[in-house]
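Below: one structure, written as structure tokens.
Residue numbering restarts at 1 for every chain, and letters A, B, ... go by the order of the sequence lines.
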Amino acid sequence: MPLVSELSLDSAETEILARVRGEPFLQLPQDLYIPPDALEVFLETFEGPLDLLLYLIKRQNIDILNIPVADITRQYVEYLDLMQNMRLELAAEYLVMAATLAEIKSRLLLPRPTLDDGGEEIDPRAELVRRLQEYERYKQAAEDLNALPRLERDLFAGSAPLLEREVVRKPPPVSLAELLQAIREVMQRAELYTQHQVSREPLSVRERMSRILETANSEGFIPFTDLFEIDEGRLGIIVSFLAVLELIRESLLELVQSEPFALIYIRLRT
Amino acid sequence: MPALKFIVEAALLAADEPLSVERLQSLFEESQPPSRDAVHRAVIRLQEDYAGRGVELVEVASGFRIQVRQELAPWVSRLWEERSMRYSRASLETLALIAYRQPITRGEIEEVRGVSVSSAIIKTLQDRGWIKVLGHREVPGRPALYGTTRAFLDYFNLKTLGELPPLAELRDLDAIGKQLDLLDSQVDEPTVASAEMPVDASEDTSADTSNDATPDLPSTPETTT
Amino acid sequence: MPALKFIVEAALLAADEPLSVERLQSLFEESQPPSRDAVHRAVIRLQEDYAGRGVELVEVASGFRIQVRQELAPWVSRLWEERSMRYSRASLETLALIAYRQPITRGEIEEVRGVSVSSAIIKTLQDRGWIKVLGHREVPGRPALYGTTRAFLDYFNLKTLGELPPLAELRDLDAIGKQLDLLDSQVDEPTVASAEMPVDASEDTSADTSNDATPDLPSTPETTT
């Protein structure tokens with residue numbers, strides 16, 4: 001078993017790496033025998049090569065922006081060797097990362113640096129640093145998410161049963177399109193639609209007719225001028241006027257004037 | 001530690017079943033559960049707190065439960081309400097005629113539709129709060145004059161009826177549809193694929209012509225809101 | 001009629017999901033629902049009533065909910081034996097990536113995590129109703145784009161995605177360059193290109209649509225469970 005001691009953790013390391021049969025496993029043993037199931041659990045505590053690399057970097061208090069690639073690569077590969085010696089099946093991603101690290105290491109040794117499109121020099125570690133940082137922030141985000149209070153663990157929805165429900169039926173929905181379809185169909189069937197003149201009066205006049213009729217119905221006499229509200233503007237006044245004319249034409253209202261130039265009233269036609 | 005009363009309240013509301021005094025006692029550290037009496041007193045104080053509220057604390061065979069007051073069933077039951085049958089064509093046409101031709105009597109609706117309008121239809125629309133009696137026409141029988149209500153406008157998200165397309169405009173669309181039909185019949189090939197309707201620029205009335213094998217039915221413009 | 005406040009209270013407790021203002025309004029006759037304001041005021045009065053009690057009324061993404069106060073969880077959670085509600089790190093990291101980076105494809109998640117994401121994890125999150133397919137990226141294979149649901153926000157007691165804890169900031173890559181300059185004597189003029197924009201999980205969740213997802217890692221079975 002090669003170089004197990006190289007893999008030993010800092011003595012200050014107190015993080016629980018794994019549990020073996022319920023016992024916390026604080027460190028990898030310095031040498032000697034490592035229970036295979038312990039290593040398996042150890043491996044499972046890593047969510048992949050990035051997670052393992054982050055661990056190796058963090059435990060040595062290295063700034064992620066300045067990874068000593070040679071060192072980290074050696075530790076990483078030793079770790080993989082260890083796993084393989086334990087006959088543990090490693091995911092291919094771990095091996096791909098080992099190759100990536102080796103490549104970065106060799107590029108750092110090249111006399112001529114790699115240039116980007118703009119002729120600027122590229123640090124061979126830049127991409128790895130980016131990926132490590134990116135992974136780290138989502139690893140942190142997952143921990144933050146897990147710390148949020150959530151239902152069924154920290155919060156419980158209150159509920160109180162309603163023992164006897166009543167059967168309620170909701171009236172059916174009607175769309176405006178259905179309504180317009182209905183008026184078109186009925187008007188097509190009606191002769192007045194095709195042969196007689198269809199008034200081009202805007203519907204606001206019919207609506208105003210209803211409102212005036214309602215008022216007349218409850219109040220009896222209404223001074224003609226009360227039908228017009230200045231703040232409705234010119235258009236509103238025209239609508240009211242047309243509505244009154246139409247109501248008179250349909251014999252629903254009549255105008256009453258006691259003498260010339262006196263106030264004009266409207267009232268329901270009786 | 002929070003008051004016993006509030007732990008009991010929270011547990012009763014979180015549980016899906018009635019909780020016995022023993023079960024409530026078991027929520028505490030084994031070494032120091034509250035006495036049966038203490039739990040009972042907490043329950044009674046909660047019952048007093050809930051007097052007159054939307055829920056009540058009752059004792060049933062297997063323990064205590066907080067439940068919705070039965071008087072609130074008419075409202076709360078609507079959480080699970082079902083849709084009724086859709087409106088008949090007759091109902092929709094009646095509603096549309098009242099909207100477009102108000103104030104209008106039932107007789108006038110029947111005259112336009114060419115068939116009688118049942119009292120049930122009028123009642124359904126009145127119950128829904130969409131139409132109402134505005135007055136009466138002073139002719140023999142004094143028939144009621146119907147019009148639409150504010151609730152009707154609100155339902156269809158209209159500020160005024162003036163936002164509905166006027167009849168003439170609907171007819172114009174039909175007339176264009178008919179012309180297209182006429183064109184179709186002049187051409188031997190009966191299908192006109194994707195005949196585009198000119199859309200009136202003033203309204204957002206998008207026209208959809210489906211000119212398949214129904215020559216006597218004019219195409220149907222769909223009005224989108 | 002009972003006070004609006006008590007109808008709201010009863011409905012919130014009877015429903016097994018949060019209720020929106022619209023849903024609460026729908027408990028009343030269609031023609032005369034209380035106004036939105038009235039419902040809001042009732043909710044606020046209830047919140048005041050509950051102050052200091054065992055439960056509280058909170059607003060989450062899909063509406064209002066009455067829930068046990070978090071301080072009482074130690075007692076109330078004893079109602080259930082060992083209810084294991086733990087999620088694996090793989091699930092949580094996948095969920096976090098979807099929450100912060102949505103819409104996101106599985107390949108993009110794998111690219112960040114450096115390992116493949118098992119179908120079982122995606123399925124579990126979908127079955128819980130926390131994530132859903134929002135669409136597909138129009139690249140070969142048309143991979144599904146995932147996003148979080150309202151149920152996810154409800155479950156984590158959030159109103160909007162904006163309430164998620166902020167993502168750690170990526171340190172500026174120019175800063176990396178400077179540090180490398182200072183510390184690394186091997187490199188003469190170290191400027192770092194290929195600066196990729198960090199994507200924030202803030203308001204505009206649909207911001208990231210970069211589909212340069214070319215994971216340099218082959219897809220292999222998940223190493224962890």
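- Side-chain contact between C:Glu93 and A:Tyr135 is present, with at least one heavy-atom pair separated by less than 4.5 Å.
- Among the candidates A:Pro171, A:Gly158, A:Ala147, the residue making the largest number of heavy-atom pairs closer than 4.5 Å to chain C is A:Gly158.
- C:Phe156 and A:Leu145 get closest at one heavy-atom pair: CE2-O, 3.7 Å.
- For A:Leu50, the part lying near chain C is the side chain, with the backbone staying farther off; criterion is any non-hydrogen pair under 4.5 Å.
- Of all non-hydrogen atoms in C:Leu158 and A:Leu148, the two that sit nearest each other are CD1-CD1, 4.2 Å.
- When each of C:Leu95, C:Asp154, C:Leu97 is checked for heavy-atom pairs under 4.5 Å with chain A, C:Leu97 comes out on top.
- In terms of heavy atoms, A:Glu134 sits closest to C:Val112 at CG-CG1, 3.9 Å.
- A:Glu93 approaches C:Gly114 most closely through the heavy-atom pair CG-O, 3.2 Å.
- The two residues A:Arg150 and C:Arg86 have their closest heavy-atom pair at NH2-CA, 4.3 Å.
- The structure places CZ of C:Arg65 at 6.5 Å from CG of A:Leu155, a figure rounded to the nearest 0.5 Å.
- By the 30° and 60° cut-offs, the orientation of the rings of A:Tyr138 relative to C:Tyr100 is perpendicular.
- How far CG of A:Asp154 is from CG of C:Leu72: 12.5 Å, rounded to the nearest 0.5 Å.
- Residues A:Ala141 and C:Leu167 come closest through the heavy atom pair CB-CD2, 3.7 Å.
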Do A:Lys139 and C:Arg89 pass the side-chain contact (heavy atoms from CB on, under 4.5 Å) test, and can you show the C-alpha distance, the side-chain angles, and the key distance before you say yes or no? CA-CA 8 Å; A:Lys139 181 185 170 180; C:Arg89 273 185 57 195; 3.5 Å; yes

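- Neither the backbone nor the side chain of A:Pro161 comes within contact range of chain C; no heavy atom of the residue lies under 4.5 Å from a heavy atom of that chain.
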